[in-house]
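What follows is a set of notes on a single structure, which appears directly below.
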Amino acid sequence: MDIDTQLDAVDRGLTTGTRDGADTFVQTLAQTYAAPIDDVWDALTSAERIPRWFLPVSGDLRLGGRYQLQGNAGGIVESCDAPNSYGVTWEYGGGVTWVTVRLTEVEPGRTRVELQHVAPSADLGAEMWEQFGPSATGIGWDQTLLGLAQHLSTGEVRPDNAQEWLVSDEGIGFMRGSADRWASAHVAFGAAADVARAAADTTFAAYTGAAPASMD
């Protein structure tokens, strides 16, 4: 696996917005896959395929239904426009955020997937945001796009030893690279470079239990 190639294939962005009258942080990731839009849609929405690259899922994966990812978030399917987009609430740890996934056929056999994660600014808190920054959720979403890329390119099922991979040199390198790239997105968003770098290092330490110097 070329982890840098995968990390560089993802476009990352941060902006602000509003939802239901509340200020929000908006985090966006996008990647183009060499797969037709109908196949990508099926991989993203089929209860049989989602566990192959992400996590086991239960519930009703239809508009208005409630889903639950094993050991992770659950929520409600709030919108669905197959094969173009869907939106869900992302309920985890007592908080509610929102995830929207959009698919665009770039050309026959190539599909761009954009994942947008919206979180209330007040829930994150200024101190929490400054301490951890966008890497706190960004590393996890990068891992998600990695799993989808492997599945769509090879058809492989998410390995049972995925957690072992995360603590391997390659897995740690992937998280370091993700944190560094989110630091760059944080700076583009308007953060001071030292603040963005410190937040990325703190988040990397939280994920791995160690904080070596950032890689250039």
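Please read these numbers as outputs of a predicted model, since none were measured by experiment.
- Counting only heavy atoms from C-beta outward, the side chains of L44 and F54 never approach each other to under 4.5 Å.
- Scanning both residues, T89 and G75, for their nearest heavy atoms gives OG1-CA, 3.2 Å.
- Closest approach of D201 and R176 over heavy atoms only: OD1-NH2, 2.9 Å.
- Ring orientation note: the planes of F25 and W129 are close to parallel, at an angle under 30° on the 30°/60° scale.
- With W182 contributing its side chain and G138 its backbone, the two residues share a donor-acceptor pair below 3.5 Å.
- A side-chain donor-acceptor contact under 3.5 Å links T111 to the backbone of A35.
- Put simply, the side chain of L61 does not reach to within 4.5 Å of the side chain of T45, judged on heavy atoms.
- The closest donor-acceptor contact from the side chain of Q68 to the backbone of A73 lies under 3.5 Å.
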- Message: Applying side chain to side chain contact (heavy atoms under 4.5 Å, CB included) to L145 and Y33, what does each step give before you reach the verdict?
- Response: CA-CA 10 Å; L145 294 190; Y33 299 96; 3.6 Å; yes
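- Within the 3.5 Å criterion, the main-chain N or O of E48 finds a donor-acceptor partner in the side chain of S46.
- Side chain of T203 to main chain of F132: a donor-acceptor pair is present (N/O by atom type, distance under 3.5 Å, no hydrogens or angles).
- Remark: side-chain polar atoms of Y67 are not paired, donor with acceptor, to backbone N or O of R62 under 3.5 angstrom.
- Across all non-hydrogen atoms, the minimal contact from I50 to L55 is CG2-O, 3.6 Å.
- The nearest pair of heavy atoms linking L103 to P83 is CB-O, 3.5 Å.
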- Between Q6 and Q150, does a side-chain hydrogen bond (donor to acceptor under 3.5 Å, both in side chains) hold up when you go through it step by step? CA-CA 10 Å; Q6 168 58 29; Q150 288 181 305; over 6 Å; no
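- Ring planes of W41 and Y86: perpendicular class, angle over 60° (limits at 30 and 60°).
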- Task: Would you check, one step at a time, whether the test side-chain hydrogen bond (donor to acceptor under 3.5 Å, both in side chains) holds for E170 with S168?
- Result: CA-CA 5 Å; E170 188 174 61; S168 70; 5.3 Å; no
- Message: Could you walk me through whether V101 and V113 satisfy the side chain to side chain contact (heavy atoms under 4.5 Å, CB included) test, starting with their C-alpha distance in whole Å, then the side-chain angles of each, then the deciding distance to 0.1 Å, before giving a yes or no?
- Response: CA-CA 7 Å; V101 177; V113 175; 4.0 Å; yes
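- For S79 (side chain) and G87 (main-chain N/O), a donor-acceptor pair under 3.5 Å exists by modelled atom type.
- No donor-acceptor distance shorter than 3.5 angstrom exists from the side chain of T100 to the backbone of Q116, with no hydrogens or angles considered.
- Using modelled atom types, one finds a donor on one side chain and an acceptor on the other under 3.5 Å when comparing H117 with W141.
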- Item | Trace of the side chain to side chain contact (heavy atoms under 4.5 Å, CB included) decision for F174 with I139 | CA-CA 9 Å; F174 183 87; I139 290 176; 5.9 Å; no
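- Of the candidates Q31, R12, R181, R12 is the only one forming a side chain to side chain donor-acceptor pair (under 3.5 Å) with D142.
- Residues M175 and Q143 meet the side-chain proximity criterion, which asks for heavy atoms closer than 4.5 Å.
- Residues V96 and P120 share a closest heavy-atom pair of O-CD, 3.8 Å.
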- Decide yes or no on side chain to side chain contact (heavy atoms under 4.5 Å, CB included) for L152 and V40, but give the supporting numbers first. CA-CA 8 Å; L152 291 173; V40 178; 4.0 Å; yes
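- With a 4.5 Å cut-off on side-chain heavy atoms, T15 and Q27 do not count as touching.
- When all heavy atoms of W98 and D20 are compared, the closest pair comes out as CZ2-OD2, 4.5 Å.
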